Amino acid sequence: MTLFATASTVAICSYALLSTVYKTAQVFYTLPTNVAPTSGDPPGGEPWPSVDVIIPCYNEAPRTLSDCLASIASQEYAGKLQVYVVDDGSANRDALVGVHEEYAGDPRFNFIVLPKNVGKRKAQIAAIRRSCGDLVLNVDSDTILAPDVITRLALKMQDQAVGAAMGQLAASNRTETWLTRLIDMEYWLACNEERAAQARFGAVMCCCGPCAMYRRSALVSLLDQYETQRFRGKPSDFGEDRHLTILMLKAGFRTEYVPEAVAATVVPNRMGPYLRQQLRWARSTFRDTLLAFQLLRGLNIYLTLDVIGQNIGPLLLSLSLLAGLAQFVTTGTVPWTACLTIAVMTMVRCSVAAFRARQLRFLGFSLHTLINIFLLLPLKAYALCTLSNSDWLSRSSAANVPDTGGSIPKPDLVGSDAAYSEQQ
């Protein structure tokens, strides 16, 4: 056996061992447990907390924004609700006039028009400082909420130790292309495996941007840190949802996941926008992983395994693939051990997902393995080498995603690269 063959075998076996332990623990911790109910009324006859919904908007398609606002207007929430739509210097404001006028007569809706584009984070902060509700719900402008989302999230926030909570994400354009179907399954797994297991310990590592609720008192105390985040001396303008979640955890608050609170968001329908989105997310993940390491000492050991599995696992897989490629180039022999191991692990994972979701479509998620190996792993390596680059890659152009409308998918489903919808 050559040096490259040995290296490939050792790396892939190490990857298989780590992934098996990690995924087994993850599935175990996502099993149902006796958790606090997310339905009913506040205890002791207390009034419902007031909620401010904040929707930053940049070059959003009129119909997409209208669908988003309609889902907010139809929320079945018994408490006080205020909505702040922040136009962050959109170039298509004339096209959005009709949407603004449609809700101008609703006293719950407030429109903030910024004179120039300042970025999603600062647009959010502008509305946070102007509002005063007990809870703040951040919603992306291409997201549609199920009618009971605010109620379910507000119930989870009854516990004063909870600083943030996110809902389950679905793809509103799931049936559009083969890629949107894959992304839909990818997000289902991210929500109902990764986030669900993390929530077992009150430490969801990223409350996703399309639908995340925060306790105002906690949010205000962290606002300056959130606004002035820098990386290597430069302002950090993306990955705001992950960074804010990490700040919540550092401040000692719990972060939760509420699978019953379903929100549908637009996902990229072409490979180019998808890869640009993944590049942003990879950079923000690497940046905030350093902050996450500081938290692990005070959290359950599973969270340490989670961070290791998500960061060391791809490294081992990459090493195995590079060594296997070198083996093929130098000797002409195929690294069968690596190929068979990856194939078996893919089949097992997709089968488990299909069983848990009760949907055979998850067997088709095996295609994502090829995308991961040939596109996402090299992209993550590039992201790691360009961490100081804060370019959004799509902010300069107007929205170019399909202007889809429609109802909320069922919870067993699951943003766009247009504007700056950000979900991780």
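No experiment lies behind these values; they were computed from the predicted model shown.
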Whether [X] side chain and [Y] backbone form a donor-acceptor pair below 3.5 Å:
X	Y	answer
S284	G239	no
D148	A261	no
Q225	L222	no
S74	A70	yes
S66	P62	no
D52	C132	yes
R287	A282	no
D241	C208	no
R181	G364	no
R215	M157	yes

Does [X] pair with [Y] as a salt bridge, N-O distance under 4.0 Å?
X	Y	value
K23	D306	no
E256	R200	no
K122	D88	no

Is the shortest heavy-atom distance from the side chain of [X] to the side chain of [Y] under 4.5 Å?
X	Y	answer
M166	C191	yes
M345	Y15	yes
S71	T143	no
M205	T245	no
P314	L377	yes
S14	V10	yes
Q168	Y187	no
I312	L316	yes

Distance-only polar pair, side chains of [X] and [Y], donor-acceptor under 3.5 Å:
X	Y	value
E176	N269	yes
N192	Y257	yes
Y214	N138	no
T265	D142	yes
S50	D134	yes
R216	S131	yes
Q229	R121	yes

For H243 and Y226, take the angle between the two ring planes, folded into 0 to 90°, and tell me which bin it lands in: parallel under 30, tilted 30 to 60, perpendicular over 60.
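Rings of H243 and Y226: parallel, under 30°.
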
How close do [X] and [Y] get, counting heavy atoms only, and between which atoms?
X	Y	value
V258	A165	CG2-CB, 4.4 Å
I12	S320	CB-OG, 3.3 Å
V86	A127	CG2-CB, 3.7 Å
V204	L249	O-CD1, 3.8 Å
L69	F109	O-CZ, 3.8 Å
A196	T30	CB-CG2, 3.8 Å

Taking side chain to side chain contact (heavy atoms under 4.5 Å, CB included) as the criterion, tell me which of L137, L145, L135 meets it with V53.
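One option only clears the test, and that one is L137.
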
Measure from NZ or CZ of R270 to the centre of the six-membered ring of Y274, then state whether that distance is under 6.0 Å and the direction lies within 45° of the axis.
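The answer is no; the distance or angle limit is not met.
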
Working note: L279 + N389, criterion side-chain contact (heavy atoms from CB on, under 4.5 Å); need CA distance, chi angles, decisive distance, verdict.
CA-CA 10 Å; L279 178 57; N389 190 333; over 6 Å; no

For [X], I'd like to know if atom [atom1] has over 12 heavy atoms of other residues, nucleotides or ligands within 6.0 Å.
X	atom1	answer
L370	CG	yes
R130	CZ	no
M271	CE	yes

Between atom [atom1] of [X] and atom [atom2] of [Y], what is the distance when rounded to the nearest 0.5 Å?
X	Y	atom1	atom2	value
N92	L65	CG	CG	9.0 Å
L155	E260	CG	CD	10.0 Å
R361	C350	CZ	SG	12.0 Å
W48	L81	CH2	CG	12.5 Å
S90	D87	OG	CG	3.5 Å
L317	I342	CG	CD1	5.0 Å

Criterion side-chain contact (heavy atoms from CB on, under 4.5 Å) on Q160 and R254, from CA distance to verdict
CA-CA 9 Å; Q160 295 298 311; R254 294 173 60 89; over 6 Å; no

Tell me, which pairs form a side-chain hydrogen bond (donor to acceptor under 3.5 Å, both in side chains) where one or both residues lie in residues 367-384, sequence neighbours left out?
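Counting only pairs at least two positions apart or across chains, the side-chain hydrogen bond (donor to acceptor under 3.5 Å, both in side chains) contacts touching residues 367-384 are T346-T369.
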
How far apart are the C-alpha atoms of E186 and F365, what are their side-chain angles, what is the distance that settles it, and do they pass the side-chain contact (heavy atoms from CB on, under 4.5 Å) test?
CA-CA 8 Å; E186 181 183 5; F365 191 66; 3.9 Å; yes

Please lay out, stage by stage, how R297 and T304 fare under the test side-chain contact (heavy atoms from CB on, under 4.5 Å).
CA-CA 8 Å; R297 187 176 302 175; T304 300; over 6 Å; no

Aromatic contact between F201 and Y29, with the criterion being ring centroids under 6.0 Å apart: yes or no?
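Ring centroids of F201 and Y29 are less than 6.0 Å from each other.
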
